[in-house]
Amino acid sequence: MYQDKYQHHDYYGVDELLTEEHKLIRDTVRSFVKKEVSPIIETHAQEASFPKQLLKGLAEVGAFGPYIPAEYGGQGLDQISYGIIMQELERGDSGIRSTASVQSSLVMYPIFSFGSEEQKKKYLPKLATGDFMGAFGLTEPNHGSDPGSMTTHFKDAGDHVVLNGSKMWISNAPFCDIAVVWAKNEAGKIQGLIVERGMEGFSTPETHGKWSLRASATGELVFDNVKVPKSNILPGVEGLKGPLSCLNSARYGIAWGALGAALDCYDTALRYSQERKQFGKPIGAFQLQQKKLAEMITEITKGQLLVWRLGVLKNENRATPAQISMAKRNNVMVALETAREARQILGGMGITGEYSIMRHMMNLESVVTYEGTHDIHLLITGLDVTGFNAFV
Ligand code: TGC
Ligand code: FAD
C-alpha cells in the first residue's frame, strides 16, 4: 500500500505566526489526509472516479464551511484556519480540495451571505455535514473568463421562475444535491438560484476524458424549462459582484491549497534526491539538482508568507479582490513550476503513480485555469496598478 511519508517544511519559522488552534487544525487534517486520502487517491485518479467515501470524514475534519457560524452548522473558524484546511487537503489532491472549496466558498458562502434566513436554515447545516453536496454554476460553454456575458436566464411565472440554459465545467455537478446557479432575470441582471436535484428538466451529465483532476467529478448543469420556486432565489445580491465575491473566498482558499501541492512535490523530490544514487553519489549532491530544490523551497516560503499576511487582512475584512487574485496567481504558478521541476528530479519514476508528483502536476493544470486563468489574474493586477482596464 502507498505510504505517505510527508514531513513538515517551515523554512522561515512561519509556524510562529500561527496560533495553537491553527496548528491543531493542521495536524488533524494532515492525519486525515495521511490515513484516508493518500492510500486511495492514486487508484481513484487512475480510474477517474471521485472518492465519495471521503465525504463524511471531510465534514468531520471541518472541511465544509469552517468559517460559517456554528448556528448554521459551521465552526466559526477564522480565515487562516480555512486556508490551512485547504492547504492540507490539496497536499493530498487538488480534486479533494476542489470539492471542499466549492462546498465552502461557492455554495455555503453565497447562501450564508446572500440567502434568506429560511434558505440558510434549510441548506447550511446539511451542507456542513456533507448530507447535501453542492455545485456552483457560473461558467458556460461560450462564456468562461467573461461570465458577465452569460446567456442562462429565467422568466417570471407566478410563484416560480422558469430557468433555461446550461453551465459547463462544473465541479461536483455529477453528484450534487443542489447547485447555486447564476442566471439573468428578465431585466438582464444576474441573480443566484438554488436548483435542487430532482427538479424536472434539470440534469448533470458528467464530463469524461480529463487528464487533470481525475479524482474530481466534473460535469454540466443543464436547465430545460426548470421550474424553480421563487423562494429559491438568493434575495441578497444582484449583478456580477454576487458570483465574483464567492470567487474571492474560493481564490483565497486556492492560494493556500496550491502550496499544499507544492509542499508535497518538494518533500517527495527532496527525499528522492537524498536516496537515489547515480555516478556513485546521491543525486541531491549534484549542483543542478540542488538549484531546483533551492528554488522550490524559496518560492514556497515566499508563498507561505503571502498567504499568511493575506489571511490576516482577510480576518480584518481588509483583503482586496486584487490582493486575493495576486496570491491565487502567484501560488498556483509556484506549485505548477515546483511540480514540473520535482518530476524531473525523479527521472523516469516521476511519471509513475508510485509517487504523487505527476498527479499534482496534471491537477495544477486545471487549478491554473479555473477560478480565473493566470492571464485574467495578471490583468486584474494590471488594472489595479495602472488604472487601465485591459479586458475590453
Ligand atoms: P467588472 O465590470 O469588472 O465587474 C462587474 C461588477 O462586479 C464587481 N467585481 C467584484 N465584486 C466582488 N469581487 C470581485 N473580485 C469583483 N470583481 C469585480 C465590480 O465592482 C462590478 O460591480 P458593480 O456593482 O459596478 O456592477 O466585470 P467584467 O465583466 O469586466 O469582468 C471582470 C473579470 C474578468 C475580472 C471577471 O469577470 C473574472 O474574474 N473572470 C474570471 C472568471 C472566473 O474566475 N470564473 C470562475 C468560475 S468558478 C470556478 O472556476 C470554480 S473552480 C472550483 C474548484 O473546483 O475549486
Ligand atoms: P476562456 O475564457 O475561453 O479562455 C481561453 C484563453 O483565453 C485563456 O488562456 C485565457 O486566459 C485567455 N483569455 C480570455 N480572455 C482574455 C483576455 N481578456 N485577455 C487575455 N487573454 C484572455 N466553473 C464554474 O462555474 N464552476 C465550477 O465548479 C468550475 N469547475 C471547474 C473545474 C475544472 C476541472 C475546470 C477545468 C474548470 C472549471 N470551471 C468551473 C470553469 C473555469 O472557471 C473556466 O475554465 C475558466 O474561468 C476559463 O474559462 P474558459 O475555459 O472558457 O477559457
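All ligand and atom numbering here is 1-based and tracks the order in the structure. Atom set for the values below is all heavy atoms of this structure, side chains included, hydrogens, waters and symmetry mates excluded.
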Identify, for [atom], the protein heavy atom at the shortest distance, and state residue, atom and that distance.
atom	value
atom 31 (C) of ligand 2	Trp169 O, 2.9 Å
atom 33 (C) of ligand 1	Phe391 CZ, 4.4 Å
atom 45 (O) of ligand 2	Thr369 CG2, 3.8 Å
atom 17 (N) of ligand 1	Leu244 CD1, 3.4 Å
atom 48 (C) of ligand 2	Thr373 CG2, 3.9 Å
atom 20 (C) of ligand 2	Leu379 CD1, 4.1 Å
atom 16 (C) of ligand 2	Ile376 CD1, 4.1 Å
atom 12 (C) of ligand 2	Asp375 OD2, 4.0 Å
atom 23 (N) of ligand 2	Thr139 OG1, 2.7 Å
atom 28 (O) of ligand 2	Ser171 N, 2.9 Å
atom 39 (O) of ligand 1	Arg251 NH2, 2.9 Å

Taking side chain as C-beta onward, heavy atoms only, is [X] less than 4.5 Å from [Y]?
X	Y	value
Gln103	Met133	yes
Ile85	Trp256	no
Ile41	Arg214	no
Pro282	Arg276	no

[X] N/O under 3.5 Å from ligand 1 N/O:
X	result
Arg97	yes
Gly372	yes
Ser101	no
Asp146	no
Thr139	no

May I ask whether [X] has any heavy atom positioned less than 4.0 angstrom from an atom of ligand 1?
X	value
Pro321	yes
Pro147	yes
Gly144	yes
Ser145	yes

Can you find a protein heavy atom closer to [atom] than 4.0 Å?
atom	value
atom 27 (O) of ligand 1	yes
atom 51 (C) of ligand 1	yes
atom 2 (O) of ligand 1	no
atom 14 (C) of ligand 1	yes
atom 23 (P) of ligand 1	no
atom 9 (N) of ligand 1	yes

Would you call [X] and [Y] a salt bridge, taking side-chain N to carboxylate O under 4.0 Å as the test?
X	Y	result
Glu117	Lys121	yes
Lys56	Asp131	yes
Arg340	Glu365	yes
Arg91	Asp267	no
Glu88	Arg30	yes
Lys167	Glu220	no
Glu295	Lys291	yes
Asp15	Lys23	no

Purely on distance, is any nitrogen or oxygen of [X] under 3.5 Å from one on ligand 2?
X	value
Thr218	no
Leu138	yes
Phe136	yes
Tyr370	no

Do Asp146 and Ser149 have a side chain donor and acceptor closer than 3.5 Å?
yes
Ser249 and Tyr67: side chain donor to acceptor below 3.5 Å
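Yes.
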Atom CD of residue position Glu316 - does it have more than 12 heavy atoms of other residues, nucleotides or ligands inside 6.0 Å?
yes
Check the angle between the aromatic planes of Tyr123 and Phe132 and answer parallel, tilted or perpendicular using the 30° and 60° thresholds.
tilted
Give the ring-plane orientation class for Tyr266 versus His9, where under 30° counts as parallel, over 60° as perpendicular and anything between as tilted.
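Perpendicular, since the angle between the ring planes exceeds 60°.
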Do Val37 and Phe175 share a hydrophobic cluster, counting only Ile, Leu, Val, Met, Phe, Trp and Tyr and linking them when any side-chain heavy atoms are less than 4.5 Å apart?
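Yes, because Val37 and Phe175 connect within a single hydrophobic cluster, where side-chain heavy atoms sit under 4.5 Å apart.
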Same cluster or not: Leu240 versus Leu106, using hydrophobic residues (I, L, V, M, F, W, Y) connected whenever any side-chain heavy atoms lie under 4.5 Å apart?
yes
Check each of [options] against [atom] and report the one with the nearest heavy atom.
atom	options	result
atom 12 (C) of ligand 1	Val102, Leu247, Leu379, Asn248	Asn248
atom 11 (N) of ligand 1	His377, Glu371, Lys241	Lys241
atom 36 (C) of ligand 2	Gly382, Ala390, Ser366	Ser366

How does Leu213 reach ligand 2, if at all, at less than 4.0 Å between non-hydrogen atoms: by side chain, backbone, both, or neither?
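Just the side chain.
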Tell me the contacting part of Ser145 for ligand 2: side chain, backbone, both, or neither, using a 4.0 Å heavy-atom threshold, strictly below.
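Both of them.
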Could you go through the salt bridge (Lys or Arg N to Asp or Glu O under 4.0 Å) check for Glu337 and Lys292 one step at a time?
CA-CA 10 Å; Glu337 282 170 357; Lys292 290 186 176 80; over 6 Å; no
